[in-house]
Participant: 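Let me give you the structure first, and then I'll get to my questions.
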Amino acid sequence: MKKIIMTLAAAIVAVSASAQVYMGGSVGIGSVKIGGGDSETTYKVLPEIGYNLNDKWAIGAYLGFGKGACDLQNDAFNNGTQEYFTIQPYARYTFVKSQYVNVFMDGGLGYTHYNDVANMFSVGLRPGVAVNLGAKLSFVTHFGFLGYHNLDPDMDGAKSSSAFGLDLSGENITFGLYYNF
């Protein structure tokens with residue numbers, strides 16, 4: 001066990017020394033009003049780690065949690081918000097790269113588990129912008145989603161829902177910081 005831990009530590013140091021790893025995450029907060037109900041505060045916390053394969057391509061993953069309305073409303077949500085856990089691996093293509101600003105597109109898969117209510121699977125694209133604040137620190141924002149969602153409720157007799165399209169709602173905007181090793 002000790003050898004495995006030491007090997008992993010050495011690998012992390014070696015990868016970090018080559019300036020290819022970035023760590024950070026995003027947070028989002030919003031308000032949603034569903035039907036005639038009261039407005040509810042929604043949030044998401046998405047820690048992230050990624051690896052730059054070259055100047056244009058990177059791979060990474062979000063692993064986070066939050067509370068929010070589902071993109072696909074159905075009987076499982078009783079017209080309200082739910083707490084959830086999510087994992088979203090992605091491939092990132094940076095198509096504009098300058099000293100101060102990078103514009104990129106994340107293409108990935110997603111799995112979200114809404115506590116004891118439903119599971120959602122997604123595949124799609126998320127655009128983003130990174131503002132380089134220094135050699136090691138970047139301010140990053142993601143906005144919107146173009147793709148497919150499938151919601152599978154954990155209730156007897158409930159039917160699954162799916163949607164394909166472009167979502168530019170305020171709940172799909174996140175802000176974060178990355179530390180580039």
Side-chain angles (χ1 to χ4, degrees), residues 22-35 40 42-77 79-97 101-131 138-155 158-178:
Y22 56 91
M23 294 177 77
S26 300
V27 295
I29 189 164
S31 179
V32 63
K33 184 173 183 175
I34 300 172
E40 293 187 48
T42 62
Y43 62 89
K44 59 179 82 173
V45 178
L46 300 170
E48 180 179 349
I49 186 165
Y51 180 79
N52 292 311
L53 300 171
N54 56 38
D55 284 347
K56 296 285 187 186
W57 287 97
I59 56 172
Y62 304 98
L63 180 68
F65 62 93
K67 178 184 175 190
C70 179
D71 294 335
L72 302 172
Q73 288 297 315
N74 73 12
D75 295 337
F77 285 84
N79 294 325
T81 60
Q82 297 291 327
E83 291 182 351
Y84 61 85
F85 164 81
T86 189
I87 182 166
Q88 300 175 16
Y90 64 84
R92 174 173 294 168
Y93 180 74
T94 303
F95 51 90
V96 174
K97 188 170 182 98
V101 177
N102 299 337
V103 181
F104 58 86
M105 181 72 67
D106 289 350
L109 305 171
Y111 167 76
T112 303
H113 174 74
Y114 291 91
N115 293 350
D116 301 321
V117 178
N119 294 301
M120 185 167 61
F121 300 93
S122 61
V123 59
L125 301 171
R126 294 187 68 206
V129 175
V131 177
S138 300
F139 172 79
V140 179
T141 184
H142 291 88
F143 48 90
F145 179 82
L146 172 63
Y148 174 79
H149 294 289
N150 182 342
L151 180 72
D152 186 21
D154 285 341
M155 298 169 56
K159 295 182 181 180
S160 65
S161 303
S162 61
F164 177 80
L166 176 64
D167 183 1
L168 296 174
S169 71
E171 286 207 9
N172 272 326
I173 299 173
T174 58
F175 301 101
L177 291 172
Y178 287 175

Participant: So, taking the atom named CD in Gln82 and the one named OG1 in Thr112, what distance separates them when rounded to the nearest 0.5 Å?
Facilitator: 13.0 Å
Participant: For the ring pair Tyr84 and Tyr114, is the centre-to-centre distance below 6.0 Å?
Facilitator: yes
Participant: Roughly how far, to the nearest 0.5 Å, is the CD atom of Gln88 from the CG atom of Leu63?
Facilitator: 10.0 Å
Participant: Mind checking whether Thr94 and Asp55 have side chains closer than 4.5 Å, heavy atoms only?
Facilitator: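 Counting from C-beta outward, Thr94 and Asp55 never come under 4.5 Å.
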Participant: Is it the case that the side chain of Thr86 and the backbone of Phe65 share a donor-acceptor pair, with hydrogens and angles ignored and the cut-off at 3.5 Å?
Facilitator: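 Between the backbone of Phe65 and the side chain of Thr86 there is no qualifying donor-acceptor contact (under 3.5 Å).
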Participant: Identify the two heavy atoms, one from Gly144 and one from Leu168, that lie closest to each other, and give their separation to 0.1 Å.
Facilitator: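 Smallest heavy-atom distance, with atoms named: CA-CD2, 3.9 Å.
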Participant: Can you name the closest pair of heavy atoms from Val140 and Ala130 and give their distance?
Facilitator: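 Nearest pair, atom of Val140 first, then Ala130: CG2-CB, 4.0 Å.
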Participant: Contact between Pro47 and Val45 at the side-chain level, heavy atoms closer than 4.5 Å - yes or no?
Facilitator: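 A side-chain contact under 4.5 Å exists here.
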Participant: How are the rings of Trp57 and Tyr93 set relative to one another: parallel (under 30°), tilted (30 to 60°) or perpendicular (over 60°)?
Facilitator: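 Judged by the thresholds at 30° and 60°, the geometry between Trp57 and Tyr93 is tilted.
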Participant: In Å, rounded to the nearest 0.5 Å, how long is the span from NE2 of His113 to CG of Asn119?
Facilitator: 6.0 Å
Participant: Mind checking the CG-NZ spacing from Asn102 to Lys56? Nearest 0.5 Å is all I need.
Facilitator: 9.5 Å
Participant: Of the non-hydrogen atoms in Ser160 and Pro153, which two are nearest, and what is the gap between them?
Facilitator: CA-CD, 3.8 Å
Participant: Run the ring-centre check on Tyr90 versus His142 and record whether the distance is less than 6.0 Å.
Facilitator: no
Participant: What's the spacing between Leu151 CG and Phe121 CZ if we round to 0.5 Å?
Facilitator: 10.0 Å
Participant: Which atoms form the tightest heavy-atom contact between Phe139 and Leu177, and what is the distance?
Facilitator: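 Where Phe139 meets Leu177 most closely, the heavy atoms are CA-CD2, 3.9 Å.
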Participant: Do side-chain atoms of Thr174 reach the backbone of Thr141 as a donor and acceptor pair under 3.5 angstrom?
Facilitator: no
Participant: Is there a side-chain contact between Val27 and Tyr43 (heavy atoms, below 4.5 Å)?
Facilitator: no
Participant: Evaluate the side chain to side chain donor-acceptor pair (under 3.5 Å) criterion for residues Tyr22 and Asn52: first the C-alpha distance (whole Å), next the side-chain angles of each, then the deciding distance (0.1 Å), finally the verdict.
Facilitator: CA-CA 8 Å; Tyr22 56 91; Asn52 292 311; 5.1 Å; no
Participant: Measure the spacing between CD1 of Ile173 and CZ of Arg126 and express it to the nearest 0.5 Å.
Facilitator: 10.0 Å
Participant: Between Asp106 and Tyr62, is there a side-chain heavy-atom distance shorter than 4.5 Å?
Facilitator: yes
